[in-house]
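Everything on this sheet refers to the single structure shown next.
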2 protein chains.
Amino acid sequence: MGAQLHRILRTAIIEGDLVPGQAISEIEMSKRFSISRQPVREAFIKLGEERLIEVLPQRGTYVRKISVKGVLDARHLREIIEVSIVREVALKHDASLIKVLRHLIVKQQKTKPGDSRSFLALDEDLHRAIALHAGREYAWRVTEGIRAQMDRVRFLSFDFATPTSQLVCEHTALVDAIESGDADLAAQCMEQHLRGILSSLPLIAEHYPEHFVDD
Amino acid sequence: MGAQLHRILRTAIIEGDLVPGQAISEIEMSKRFSISRQPVREAFIKLGEERLIEVLPQRGTYVRKISVKGVLDARHLREIIEVSIVREVALKHDASLIKVLRHLIVKQQKTKPGDSRSFLALDEDLHRAIALHAGREYAWRVTEGIRAQMDRVRFLSFDFATPTSQLVCEHTALVDAIESGDADLAAQCMEQHLRGILSSLPLIAEHYPEHFVDD
DNA sequence: CCTTGAATACTTGTATGGTAGCATCCAAAA
DNA sequence: TTTTGGATGCTACCATACAAGTATTCAAGG
């Protein structure tokens, strides 16, 4: 129950169904899902660890507002990790991985223009496939919280952000670089790709000021 | 209460007072600390997230055995992050940081041979000072779980591990490199330093087989 | 002697009652 | 008009009781 609710609330926050700053009490959630307060409380603890909500003792629990600095820090760290990983992968010359990645890109091309959830899932699939192929499950697990912070912005910014066709191009270039075995080029592709994802962050923060905390 | 107990148990596990594989029930801990099961339970959740314990529903809770592969993965990721950070710091040429770091090294030299806790704390102080000076608080926070995994081995291996005098030398070389502004050299120093820390891991795993899980 | 099965003693998970602390509102006094 | 004090309602937090599931034990039967 608690774990289940944790996943539900987590995606609800990331996808923006629970807006930043919104108050969410244990009682409210326990009523909404017809369970007791205890599982709710335990879900809140996990969400607090992930910095998706903020629990203020005896005062209330709130969906955390997005921090521009925090998101940029997260992106920076993700860049460090995934660039390092893609360097390893480029040197392995594994044809089976290339095949999987190209298949994912095809599926990305097939997604309908409005279906952002599907595209983001396929985007994550591609990055995960690379990481796991490098044997970096541990690193991938660590990036979970990082991706959560970034995804909050991405779900908020589909109308402003880079069109998916552009992202597909970047993925293609990335896979090409991996296939060619050029680690430097692959690293450069990954770097540009990850930086471009949040290119619209300033606009978003300006357009939804109430969703962000200024720091 | 719950947060307090979490810190207590966390250090107890890292320092080896709670041995890997040991069963620790909610009731046992609630009696030992004279509190109810609920705060204990919430502390367990956090420890489970950090992979320091494993909660098996309706079966029991156990201190996680150390995974050699897991520790090496953690070290690898820490290397990626801290090497990147020390590169930034080396390019900043900040005299005040150098002063702080040298002061920490002096304090490290003054620690008594047997006082491993104090030395490890000062070791962490130095690494944290570098990270925070680079403005990488986010990255430092992410490495908390990583350091926990590594520290479990370090606390287990004081008799076998690299002598502290050697570590002090490595720290000195690292700070020298930072002061000289040579990012490549600083990165190399950090890399060697972090790899050396766990040089005795194979011996430890062989000497305490019951503390480790074979993977 | 070996196998099987039920009773028992554990475990974690959930539900609920009560407590302490904070914020708000509103009236009374300066 | 402004300030202050207290009552009220809210919150997260802790304690306790109950439920559900697992592992063990031990005795009965083949």
Worked check of salt bridge (charged side-chain N to carboxylate O under 4.0 Å, His left out) between A/Glu191 and A/Arg195: CA-CA 6 Å; A/Glu191 184 180 306; A/Arg195 292 186 182 182; 3.4 Å; yes
Any residue of residues 20-37 of chain B with a heavy atom less than 4.0 Å from an atom of DNA chain D: B/Ile35, B/Ser36, B/Arg37
Sub-3.5 Å pairs of nitrogen or oxygen atoms, protein against nucleotides 21-25 of chain C:
residue : atom : partner : partner atom : Å
C/dA23  : OP1  : A/Arg59 : NH1          : 3.0

Lys/Arg-Asp/Glu bridge criterion (N-O < 4.0 Å) met for B/Arg75, B/Glu79: yes
Separation of C/dG18 P from A/Gln38 CD (nearest whole Å): 16 Å
Covered region of DNA chain D, 5' end to 3' end, by chain A [heavy atoms, under 4.0 Å]: D/dT11 to D/dA15
Interatomic spacing from CD in B/Glu54 to CG in B/Leu47 - rounded to 0.5 Å: 13.0 Å
Test: A/Lys46 and A/Glu42 ion pair at under 4.0 Å: no
Listed once per pair and sorted, the side chain to side chain donor-acceptor pair (under 3.5 Å) pairs that draw on residues 206-215 of chain A, sequence neighbours left out: A/Ser67-A/Asp215
Note, A/Phe44 side chain near A/Met29 side chain (heavy atom, < 4.5 Å): yes
Sole candidate of B/His6, B/Arg64, B/Gln149 that passes side-chain hydrogen bond (donor to acceptor under 3.5 Å, both in side chains) when paired with B/Glu50: B/His6
Parallel, tilted or perpendicular, as decided by the 30° and 60° cut-offs, for the rings of A/His193 and A/His127: parallel
Salt bridge (Lys or Arg N to Asp or Glu O under 4.0 Å) partner of B/Glu15, the single match among B/Arg117, B/Arg154, B/Arg152: B/Arg117
Test item: A/Glu170 and A/Gln192 side chains (from C-beta on) under 4.5 Å apart, heavy atoms: no
Sub-4.0 Å heavy-atom contacts from residues 39-54 of chain A onto DNA chain C, ordered by number: A/Pro39
Salt bridge (Lys or Arg N to Asp or Glu O under 4.0 Å) contacts touching residues 97-106 of chain B (sequence neighbours left out): B/Arg102-B/Asp176, B/Arg102-B/Glu179
From CG (B/Leu52) to CG (B/Leu9), nearest 0.5 Å: 10.0 Å
